[in-house]
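These notes concern the structure reproduced below.
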Number of protein chains: 2
Amino acid sequence: MPKGDALGGFEQLVLLALAHLGDNAYGVTIRQEIAARTGRDVNIGAVYATLDRLETKGLTRSRTGEPTALRGGRSKRYFELTAEGARALEESVRALESMTRGLNWGELG
Amino acid sequence: MPKGDALGGFEQLVLLALAHLGDNAYGVTIRQEIAARTGRDVNIGAVYATLDRLETKGLTRSRTGEPTALRGGRSKRYFELTAEGARALEESVRALESMTRGLNWGELG
DNA sequence: TGTATTGATATACACTGTATAGGAAATGCC
DNA sequence: GGCATTTCCTATACAGTGTATATCAATACA
């Protein structure tokens with residue numbers, strides 16, 4: 001584990017998606033949320049792999065839901081932030097904000 | 001190379017430091033800038049390794065400066081954003097912003 | 001019964017992040 | 001001059017993260 005256990009970029013995105021989705025966060029919706037907001041075409045396997053790692057670190061937890069009465073409605077695995085995950089997310093977003101503060105995009109490059 | 005060649009989290013930090021430092025960006029000041037703004041104690045080797053990778057991708061360029069008349073004043077290697085680097089940085093910051101927009105920190109965890 | 005659909009899991013590998021160790025060039029002091 | 005000291009850069013190795021590919025499971029409907 002790194003010293004300050006900073007979040008990776010994609011981990012941060014996944015946590016942010018969880019924060020937006022509330023109690024409707026599972027693999028497919030998480031992927032959609034990220035794609036919709038960032039325009040980035042995320043691979044579903046990457047999402048699950050990252051979710052597993054976040055859970056191992058104690059930043060998220062998951063539970064298995066009921067199967068829905070939809071065709072192919074397999075039971076979903078719902079994910080949510082833990083208190084520690086919310087704290088880590090907030091901290092890493094603040095760090096980013098303090099790095100972007102006062103930047104003049106016009107005079108770059 | 002990844003499909004959408006998205007920036008990693010630390011790469012983003014380093015690019016942001018370059019953007020702030022302008023024509024005074026070299027290993028030591030970059031490290032200081034990140035540490036001062038994020039409170040994160042960055043390893044200098046990590047900075048150089050990341051700068052090399054960014055240069056390989058064409059997001060930064062570097063030139064060797066004159067030695068200064070200071071004790072131990074070895075000639076510095078100055079870094080700056082390329083146009084492509086500035087574009088990539090702006091894009092990745094915007095992606096982050098659109099992920100944090102409308103988030104209610106109070107009701108998380 | 002079999003095929004399309006929704007959703008999850010496994011695995012492998014490339015890319016990033018980080019620590020450790022060491023090298024190069026300049027100064028200052030004896 | 002010679003050697004320690006200072007500033008800064010380079011090399012390398014390995015853990016951690018990011019991503020793709022492939023596959024499995026359960027359900028509905030024809």
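At a threshold of 4.0 Å, the pair A:R61-A:D52 does not count as salt-bridged, since none of the basic side-chain nitrogens sits closer than that to a carboxylate oxygen.
If you take CG of A:N43 and P of C:dA10, they are 16 Å apart, rounded to a whole angstrom. A:R77 has its CZ atom 13 Å from the C1' atom of C:dA10, to the nearest Å. Across the protein-nucleic acid pair, A:E11 atom CD and D:dT19 atom C1' stand 14 Å apart, rounded to whole Å. One atom, CG of A:D52, and another, C1' of D:dG16, lie 15 Å apart when rounded to the nearest Å. Rounded to an integer number of Å, the gap from CG of A:L54 to C1' of D:dG18 is 12 Å. One interatomic measurement links the two molecules: OH of A:Y78 to P of C:dT6, which rounds to 15 Å at whole-angstrom precision. In this structure, B:I44 atom CD1 and D:dT12 atom P are separated by 18 Å, rounded to whole Å. The interatomic distance linking A:E66 (CD) with D:dA26 (P) rounds to 15 Å, in whole Å.
Distances from the side chain of B:K57 to the nucleotides D:dT17, C:dT18, C:dT16 place C:dT16 closest.
Sorted by first then second residue, the ring pair (Phe, Tyr, Trp, His ring centres under 6.0 Å) pairs that include residues 65-98 of chain A, not counting sequence neighbours, are A:Y26-A:Y78. The stretch residues 80-106 of chain A participates, sequence neighbours left out, in no ring pair (Phe, Tyr, Trp, His ring centres under 6.0 Å) pair at all. For residues 7-25 of chain B, the set of pairs meeting the salt bridge (charged side-chain N to carboxylate O under 4.0 Å, His left out) definition, not counting sequence neighbours, comprises B:E11-B:K57.
For the residue pair A:E55 / A:S62, a side-chain donor-acceptor distance below 3.5 Å is found, with atom types taken as modelled.
Taking only side-chain nitrogens and oxygens, A:R53 never comes nearer than 4.0 Å to OP1 or OP2 of D:dT19.
Take A:A49 and apply the side-chain contact (heavy atoms from CB on, under 4.5 Å) test, not counting sequence neighbours, and it matches no residue. The side-chain contact (heavy atoms from CB on, under 4.5 Å) test applied to A:A25 returns A:L18, A:L21, A:I30, not counting sequence neighbours. Among residues two or more places apart in sequence or in another chain, the side-chain contact (heavy atoms from CB on, under 4.5 Å) test is passed with B:T38 by A:A95, A:M99, B:L13, B:I34, B:R40.
DNA chain D is contacted by B:Y26, B:G27, B:V28 of residues 21-35 of chain B, taking any non-hydrogen atom closer than 4.0 Å.
Cluster partners of A:L70, using a side-chain heavy-atom cutoff of under 4.5 Å among ILVMFWY residues and allowing indirect links: none.
In terms of position along DNA chain C, the nucleotide closest to A:A49 lies nearer the 5' end than the nucleotide closest to the other residue of the pair A:A49 and A:G9.
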_Nucleic acid footprint by protein, nucleotides 25-30 of chain C - heavy-atom cut-off 4.0 Å, B for base, S for sugar-phosphate alone_ = -BBS--
